[in-house]
Amino acid sequence: MAVPIAVLDCDLLLYGRGHRTLDRFKLEDVTDEYLVSTYGFPRQFIYYLVDLLGASLSRPTQRSRAISPETQILAALGFYTSGSFQTRMGDAIGISQASMSRCVANVTEALVERASQFIHFPEDEATVQRLKDDFYGLAGMPGVLGVVDCTHVAIKAPNAEDLSYVNRKGLHSLNCLMVCDARGVLLSAETHWPGSLPDCTVLQQAALTRQFETELHKDGWLLGDSSFFLRTWLMTPLHIPETPAEYRYNMAHSATHNVIERTFRTIRSRFRCLDGSKGTLQYSPEKSSHIILACCVLHNISLEHGLDVWSSPATGHMEQPEEEYEQMESMDSEACRIRQELLLTHFS
């Protein structure tokens, strides 16, 4: 019996425990229910990711048995959806916690490289009109191209620029600026802003503002809450509505803008690494920003595959500082004129 034991020990030393069990896990051998409960997504969705990311994850290696793209994707999905490396998924696919961390880094990089492919505003007229029609169907608000808001994701204290990431609750976070459509599909996601910046400052400095002021649609607007300033392309609620038309405008605005709050809740529940229940993201601000963006890409891909945005229960908790701001009237006379015309035309 000594010989078989010696052979087994040599195999362990040569390949390591993880590589011995790596090929034993096959997607075909487990149920969709198991995949969804362990990795958050069904089989066909995982196959799609393997096709999408496989070339990026099959990098040359000197190791005789590199971790397959399929296994890397399973490891990353397991982390994104559970928020922890300390789960049964590592044992299930036969890799160590250190290997899981490398897999998360590889898959995150591959998803971030494809962010512009999946997160963008529509460009053709027919799709833009359909976008407006979908929003109008919610509460009768015309001309809406997207709803915008910010949300905070907790991170560990960075080594440098520590205070710039401390939010109003005294926690370290990234302030993420996002825009979604009426279905919850993300049209823009900027995930790198320090948590100390208020929402209005984030928007002022964001690529989104440059995009709308220099490139995008002149015949529509985004909807933002009162933490933002009124602009020609950004309609905000009236601070103190007085007339019936102003009340109707505010109600339609609130009902429409609520879509992005629901989207934030769904992203938190689907990607538990972002919700704070397992602690903060234990990465630098840059790497944490990439993980958030990777989850945003997966969110949009999941909608493309019919995994509905509202299907997940709202669980967990994401640190979300309450904005403290003084409502100020916009100094942009043209923006005020556009909002007043909107009131008179559609809500009077």
Using a 3.5 Å distance criterion without hydrogens, assess whether the side chain of [X] forms a donor-acceptor pair with backbone atoms of [Y].
X: S196; Y: S164; result: yes
X: T71; Y: I67; result: no
X: S254; Y: M251; result: no
X: E70; Y: V50; result: no
X: T201; Y: L197; result: no
X: W221; Y: P142; result: yes

Does the side chain of [Y] come within less than 4.5 Å of [X]'s, by heavy atoms?
X: Y136; Y: L131; answer: no
X: L343; Y: E246; answer: yes
X: Y249; Y: S348; answer: no
X: S288; Y: V153; answer: no
X: L53; Y: Q72; answer: no
X: S56; Y: R114; answer: yes
X: C273; Y: S82; answer: no
X: T280; Y: Q282; answer: yes

In one Ile/Leu/Val/Met/Phe/Trp/Tyr side-chain cluster, 4.5 Å: [X], [Y]:
X: V144; Y: W233; answer: yes
X: M141; Y: Y247; answer: no
X: F347; Y: I338; answer: yes
X: V36; Y: L74; answer: no

Please find the pair of heavy atoms, one from [X] and one from [Y], that lie closest to each other, and give the distance.
X: G224; Y: L234; answer: N-CD1, 3.5 Å
X: F264; Y: M178; answer: CE2-SD, 3.7 Å
X: V147; Y: V259; answer: CG2-CB, 4.4 Å
X: I292; Y: C176; answer: CD1-SG, 3.9 Å
X: Q204; Y: R231; answer: CA-NH2, 4.0 Å
X: L35; Y: P42; answer: CD1-C, 4.5 Å

### Test ring-ring contact (aromatic ring centres under 6.0 Å, His included) applied to H305 and Y47, Y48, F41, the passing residue
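Of all the options given, the one that passes is Y48.
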State the [atom1]-[atom2] distance between [X] and [Y], to the nearest 0.5 angstrom.
X: I260; Y: T151; atom1: CD1; atom2: OG1; value: 9.0 Å
X: L293; Y: H299; atom1: CG; atom2: NE2; value: 12.5 Å
X: Y283; Y: K156; atom1: OH; atom2: NZ; value: 9.5 Å
X: R168; Y: L171; atom1: CZ; atom2: CG; value: 13.0 Å
X: H239; Y: L230; atom1: NE2; atom2: CG; value: 14.0 Å
X: L187; Y: F118; atom1: CG; atom2: CZ; value: 14.5 Å

### Task
Could you walk me through whether L274 and L281 pass the side-chain contact (heavy atoms from CB on, under 4.5 Å) test, one step at a time?
CA-CA 7 Å; L274 307 181; L281 285 174; 4.2 Å; yes
### Query
Hey, mind stepping through W193 and L174 against side-chain contact (heavy atoms from CB on, under 4.5 Å) and telling me if it holds?
CA-CA 6 Å; W193 296 101; L174 290 168; over 6 Å; no
### Query
Is the shortest side-chain N to carboxylate O distance from R339 to D332 below 4.0 Å?
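The answer is no: the pair does not qualify as a salt bridge.
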### Query
Hey, is E261 close enough to R265 for a salt bridge, meaning N to O under 4.0 Å?
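No, E261 and R265 are not salt-bridged.
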### Message
Is the ring pair H257/H253 parallel, tilted or perpendicular, if the boundaries are 30 and 60 degrees?
### Response
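Plane angle under 30°, so parallel.
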### Query
Are the aromatic rings of F121 and F212 close, with centres under 6.0 Å apart?
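Yes.
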### Query
Are L57 and I73 close enough, and set up right, to give a side-chain contact (heavy atoms from CB on, under 4.5 Å), and what steps lead you there?
CA-CA 9 Å; L57 300 176; I73 288 168; 3.7 Å; yes
Would you kindly say whether [X] and [Y] are connected by a side-chain donor-acceptor distance under 3.5 Å?
X: N300; Y: E304; answer: no
X: S302; Y: R270; answer: yes
X: S289; Y: T191; answer: yes
X: D199; Y: N175; answer: yes
X: T266; Y: S269; answer: no

#### Entry: Worked check of side-chain contact (heavy atoms from CB on, under 4.5 Å) between V179 and L222
CA-CA 8 Å; V179 180; L222 302 179; 4.0 Å; yes
### Query
With sequence neighbours excluded, what pairs up with E33 under the side-chain contact (heavy atoms from CB on, under 4.5 Å) test?
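E33 satisfies side-chain contact (heavy atoms from CB on, under 4.5 Å) with T31 only.
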